Student: 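Let me give you the structure first, and then I'll get to my questions.
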There are 2 protein chains.
Amino acid sequence: MKRNKKERQSLLIETIQDNPFITDEDLAEKFSVSVQTIRLDRLELSIPELRERIKHVAEKNFEDEVKSLPIDEVIGEMIDIQLDSTAISIFDVKEEHVFKRNKIARGHHLFAQANSLAVAVINDELALTAKANIHFTRSVKQGERVIAKARVISIENDRTKVEVISSVNNECVFKGEFDMFRSHSPEQ
Amino acid sequence: MKRNKKERQSLLIETIQDNPFITDEDLAEKFSVSVQTIRLDRLELSIPELRERIKHVAEKNFEDEVKSLPIDEVIGEMIDIQLDSTAISIFDVKEEHVFKRNKIARGHHLFAQANSLAVAVINDELALTAKANIHFTRSVKQGERVIAKARVISIENDRTKVEVISSVNNECVFKGEFDMFRSHSPEQ
DNA sequence: CAGTAATTAAGACTAGGTACTAATAGTAGT
DNA sequence: ACTACTATTAGTACCTAGTCTTAATTACTG
């Protein structure tokens, strides 16, 4: 159990990282050293005390909450919409959207942006995707900004066809044709 | 500033709700009452102390983080996989996956499950979706468990076709054919 | 074996509380 | 006017999970 200082300290960092809720007392027990040693370690490594750590996690959460609510409705940020006609949204590809290995955006995020835009453009309280035919024409990398444009191409009874073209720097990266189902026909 | 008890208490709830990081002392000042009054109020309303509140917020965050990490890799839980052959994942539709109005799962989540399964089944470090043809055959409601089964139907050079069928209680809800691109052909 | 590094201990103090007891102020009922 | 009751305030002891400081002990190394 007893390791040298360096080993203990690097383990300490790991331990606290994947469980910030652990007290000095628990850490002391875990590493079979005194509480004071743990405190010296934290001092050297400038790891804040339990309560401060918890506070940081909570603060991050609090910020995220505000951020993740709109994401639940439309993936990407809606910047223009004409119901039953056209809509535009932008989506910035960040770390959490890409494969770790190659920083290429995972397909379902591009799909999600396009699909939610297709849903949003329809002037109905209930719009569902029935079919979709999609092409990923170029891979999108982390840091790129995807602009999706939706265009309603036909409305027939309860079916609406929407075409979505997403591009980065005017280069098409995704193209999809969505066959949408709506509960009510428009203007009735 | 001085309101009656009821008014103060309902304001207290609101205040703490949109800023859980406020101390009793600050609250006392805000409502021009003593710290003890605030503590009695919290007791009556069963609002926990600052540190407990912060901890709850942090814990919620921490759960989410753990939850969202695997989500980043495969949407749904992988329960079986034979590389370049078949794979199965399950996905429980929860509150955060549905439209608020009608509790129907948003299409992109079903797509994400299927798409990430199609990526996973391919025995290559780089697999990207090139094209997909998908059908949402039945709407999925909150609380339902979607079982997605992927089957590799052809491998040709750098292209692999994967069929994914997702079902709830043995009833097909989603069907997709994914045309996947891989960086290396298998077994070379 | 001395000298330094690492560890442990002990004591005083802090924030932000809980739990409990007690005093005071204000108001309504009879 | 007296009583009953509610609301508010005050004060004390105690708690957790620390900080900061001083000091003693132990371990390792040249």
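By convention in this document, chain letters (A, B, ...) are assigned in the order of the sequence lines, proteins followed by strands, and residues within each chain are numbered from 1. Small disclaimer: the values here were computed from a predicted structure and weren't measured.
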Student: Students often get this wrong, so: under 4.0 angstrom with heavy atoms, is R53(B) touching a base, only sugar-phosphate, or nothing?
Tutor: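 Result for R53(B) = nothing.
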
Student: Is there a donor-acceptor pair closer than 3.5 Å between any side-chain N or O of S10(A) and the backbone N or O of E7(A)?
Tutor: yes

Student: Mind calculating the distance between NZ (K6(A)) and P (dT7(C)) to the nearest angstrom?
Tutor: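 The answer, rounded to whole Å, is 13 Å.
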
Student: Which whole-number value in Å describes the distance from E52(B) CD to dT18(C) C1'?
Tutor: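 Distance, rounded to whole Å: 12 Å.
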
Student: Taking the side chain as every heavy atom from C-beta outward, state whether R159(A) and D179(A) have any pair of such atoms under 4.5 Å apart.
Tutor: yes

Student: Find the distance N4(A):CG to dC28(D):P and express it as a whole number of Å.
Tutor: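 Spelled out: CG on N4(A) to P on dC28(D) is 11 Å.
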
Student: Please tell me which of the listed nucleotides, dA7(D), dT19(D), dA9(C), lies nearest to the side chain of K5(B)?
Tutor: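 The listed nucleotide nearest to K5(B)'s side chain is dA7(D).
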
Student: Is the phosphate of dT7(C) approached by T37(A) (side-chain N or O, under 4.0 Å from OP1 or OP2)?
Tutor: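 For dT7(C), OP1/OP2 do not have a side-chain N/O of T37(A) under 4.0 Å.
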
Student: Indicate yes or no for a side-chain donor-acceptor contact from S116(B) to the backbone of Q113(B) under 3.5 Å, with no hydrogens or angles considered.
Tutor: yes

Student: For a side-chain hydrogen bond (donor to acceptor under 3.5 Å, both in side chains) with Q9(B), tell me which candidate from E14(B), E44(B), R42(B) qualifies.
Tutor: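 Running side-chain hydrogen bond (donor to acceptor under 3.5 Å, both in side chains) over E14(B), E44(B), R42(B) with Q9(B) returns exactly one hit, E44(B).
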
Student: R42(B) side chain: which of dG17(C), dT7(C), dT9(D) is closest?
Tutor: dG17(C)

Student: Please check the phosphate of dG16(C) (OP1 and OP2 only) for any side-chain N or O of T23(B) closer than 4.0 Å.
Tutor: no

Student: If I take atom CG in residue L43(B) and atom C1' in nucleotide dA7(D), what distance separates them, rounded to the nearest angstrom?
Tutor: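 Taking atom C1' of dA7(D) as the reference, CG of L43(B) is at 14 Å.
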
Student: Within 45 degrees of the axis of the six-membered ring of F21(A) and under 6.0 Å from its centre: does R53(A) put its NZ or CZ there?
Tutor: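 No.
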
Student: Could you state the CG-P distance from L40(A) to dT26(D), rounded to the nearest angstrom?
Tutor: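 The answer, rounded to whole Å, is 18 Å.
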
Student: Just checking Q36(A): base, sugar-phosphate only, or nothing, at a heavy-atom cut-off of under 4.0 Å?
Tutor: base

Student: How long is the line joining CD of E29(B) and P of dG16(C), in whole Å?
Tutor: 13 Å

Student: Could you state the atom-to-atom distance from CD1 of I47(B) to P of dG17(C) in whole Å?
Tutor: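 The distance from CD1 of I47(B) to P of dG17(C) comes to 12 Å, rounded to the nearest Å.
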
Student: Looking at the side chain of S34(A), which of dG18(D), dT8(C), dT9(D) is the nearest nucleotide?
Tutor: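 Among dG18(D), dT8(C), dT9(D), the one nearest the side chain of S34(A) is dT8(C).
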
Student: For the pair made of CG in L50(A) and P in dA15(C), what is the distance, rounded to whole Å?
Tutor: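 Checked: the CG to P distance equals 18 Å.
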
Student: On DNA chain C, compare the nucleotides closest to R51(B) and R39(B); which residue's is nearer the 5' end?
Tutor: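 With R51(B) and R39(B) compared, the 5'-side residue is R51(B).
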
Student: Could you work out which one of dG18(D), dG17(C), dT8(D) sits closest to the side chain of D24(B)?
Tutor: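 That would be dG17(C).
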
